[in-house]
Amino acid sequence: MYSQELTDNNMLRYTRQLVLDGFGPEGQNKLKMAKVLIVGAGGLGSPASIYLAAAGVGTIGIVDYDTVSYSNLNRQIAYSTEDIGRYKTDCSEKQLTRLNPDIEIIKHSLKLSADNVREILVAYDVIIDATDNFPTRYLVSDTAYFLKKPVIEGAVAGYDGILMTIIPDKTPCYRCLYPTPPEDIALNSTEETGVLGMLPGIIGTMQALEAVKLIIGIGQTVSGRIITFDAISSSFRDISWKRRKDCPLCGKK
Ligand SMILES: [Zn+2]
């Protein structure tokens with residue numbers, strides 16, 4: 001399955017990770033063959049996509065229909081001032097290809113909906129949910145559950161960040177935590193809460209780390225637990241989390 005050889009340049013490019021325990025050429029080839037979808041090319045999706053491209057994930061899909069604006073630039077590090085007004089998918093492709101020309105970037109310059117979500121998600125191995133709104137988050141996590149795809153959830157609001165990895169039928173799902181979307185739909189929008197760029201930088205980078213560990217099969221992912229990060233006190237919390245028997249999605253029907 002992982003038969004594609006690494007070129008000499010690739011051996012040099014990835015040399016610092018190739019020497020890691022549990023990594024090696026086999027791990028690198030797993031990354032090369034992997035397809036990761038990033039939903040949302042904003043404050044979380046920017047660092048996630050950059051680190052996954054740098055690590056050599058062979059196919060990175062990016063879903064976003066938005067264009068770059070000035071108010072994005074304090075945290076969306078995939079973009080520059082010259083990108084204002086351009087599609088984030090186009091700018092991400094340019095930036096990630098410059099960083100690593102050996103990988104494929106697939107642009108999905110559209111708004112995810114019930115009509116298109118399944119055909120997009122089905123082509124990928126791992127989904128990174130880097131959205132900024134609850135309707136899309138539920139759409140992605142519900143669809144991924146039915147397609148049996150792992151989802152790495154990340155979110156930020158104000159000075160608070162949260163991270164969890166959901167593996168269908170093995171770990172709690174998103175609806176085990178929040179059975180129905182919160183009434184205050186704006187709760188998840190940085191437009192309302194504000195955000196300092198480093199916070200999505202930290203959480204988005206951790207989402208990329210989760211993806212790499214899932215693909216290679218090393219270490220423990222943040223599944224069956226939730227990690228929260230408080231940027232004001234610079235403290236992490238690790239909270240265990242169980243499946244809900246009456247979960248509307250993964251519970252006993
Ligand atoms: Zn559930």
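Numbering starts at 1 and runs along the sequence shown. In listed order, ligands and their atoms are each counted from 1.
Between the D64 side chain and the Y87 main chain, no donor and acceptor come within less than 3.5 Å of each other. Under the 3.5 Å distance criterion, the side-chain polar atoms of N29 are left unmatched by any main-chain donor or acceptor of E26.
T131 and D129 form a side-chain donor-acceptor contact under 3.5 Å, judged by distance and modelled atom types alone. A donor atom on one side chain and an acceptor atom on the other are found under 3.5 Å apart for Y79 and S92.
Within the sub-2.8 Å shell of the Zn ion (ligand 1), the protein contributes these N/O/S atoms: C173 SG, C176 SG, C247 SG, C250 SG.
Other residues, nucleotides and ligands contribute over 12 non-hydrogen atoms within 6.0 Å of the CG atom of D238. Around the CG atom of D246, the shell of radius 6.0 Å holds more than 12 heavy atoms that belong to other residues, nucleotides or ligands.
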